[in-house]
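No experiment lies behind these values; they were computed from the predicted model shown. Side-chain atoms are counted along with the backbone in the values below, which use heavy atoms only and exclude waters and symmetry mates.
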Amino acid sequence: MTAPEAAAPGTTARGPDGRSAGVGLAGIRRVIPHRFPVLLVDRVSEVDPGSSIVTLKAVSGREPCYADPDVEDAYPLGLLVESWAQSAVLLTRWDHPNPDVRADKVELISGIRDVVVHGDVLPGDVVEHHVRLVREVADAAILAGHSLVGGRKVLEVGSFTMARRRAEELA
């Protein structure tokens with residue numbers, strides 16, 4: 001690939017193993033409606049549509065969560081899980097982008113189980129989220145995976161279930 005956005009959704013650019021690779025913020029924003037400050041995925045390093053995705057999140061001391069002087073060094077667990085969840089949504093939306101949530105369906109978390117935290121994520125760390133699709137039926141999906149920092153597992157998600165509903169149904 002010659003350009004970092006070459007594997008954006010809707011293209012056929014692939015890495016040597018046949019998987020899409022190397023999508024940055026612009027490509028991510030074409031797939032999901034998240035924007036700053038709630039977009040918590042910086043890059044898609046690998047995607048096998050309908051099967052798995054690997055994303056990256058660089059944690060910085062300039063994150064909005066660190067503006068509160070009472071926040072400790074460890075990246076908040078809720079934000080780490082949300083970043084992993086956004087990676088899951090990216091995987092399920094890869095072939096059917098939804099950059100405007102008001103124009104299509106909204107992803108709703110219906111359950112998350114067997115979450116294990118193995119260690120802290122600190123400013124300066126780059127988190128590598130691994131998500132695999134376990135099963136998808138109609139407007140629901142079950143996913144699972146883990147997150148690494150420097151090859152060290154920091155998070156496991158045993159089961160993540162989400163449902164999709166039309167935006168107007170939720171109003």
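- Under a cut-off of 6.0 angstrom, the local environment of NE2 in H96 is sparse, with at most 12 non-hydrogen atoms contributed by other residues, nucleotides or ligands.
- Each of V47, V131, V41 was evaluated against L90; a single residue qualifies, V41, per the side-chain contact (heavy atoms from CB on, under 4.5 Å) test.
- I142 approaches L133 most closely through the heavy-atom pair O-CD1, 3.6 Å.
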Original post:
Between K105 and E168, does a salt bridge (charged side-chain N to carboxylate O under 4.0 Å, His left out) hold up when you go through it step by step?
Top reply: CA-CA 9 Å; K105 294 183 179 177; E168 61 267 11; over 6 Å; no
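- Looking only at atom types and distance, the side chain of H129 has no donor-acceptor partner in the side chain of T55 under 3.5 Å away.
- Residues A138 and R164 approach most closely at O-NH1, 3.6 Å, considering heavy atoms.
- At most 12 heavy atoms of other shown residues, nucleotides or ligands fall within 6.0 angstrom of atom CZ in R135.
- S52 and H130 form no side-chain donor-acceptor contact under 3.5 Å, judged by distance and modelled atom types alone.
- Nearest approach of Y66 to E72, heavy atoms of both residues: CE2-O, 3.4 Å.
- A salt bridge does not link K57 with E82: every distance from a Lys NZ or Arg NE/NH1/NH2 to an Asp or Glu carboxylate oxygen is 4.0 Å or more.
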**OP:** Please lay out, stage by stage, how I53 and V44 fare under the test side-chain contact (heavy atoms from CB on, under 4.5 Å).
**Re:** CA-CA 7 Å; I53 195 167; V44 175; 3.9 Å; yes
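- Placement of L148 and V154 in two distinct hydrophobic clusters is found when ILVMFWY residues are connected by side-chain heavy-atom separations under 4.5 Å, directly or transitively.
- Nearest heavy atoms, A144 versus G158: CB-O, 3.4 Å.
- The heavy-atom pair separating L91 from S51 by the smallest distance is CD2-O, 3.9 Å.
- Heavy atoms of other residues, nucleotides or ligands lying less than 6.0 angstrom from CG of L108 number more than 12.
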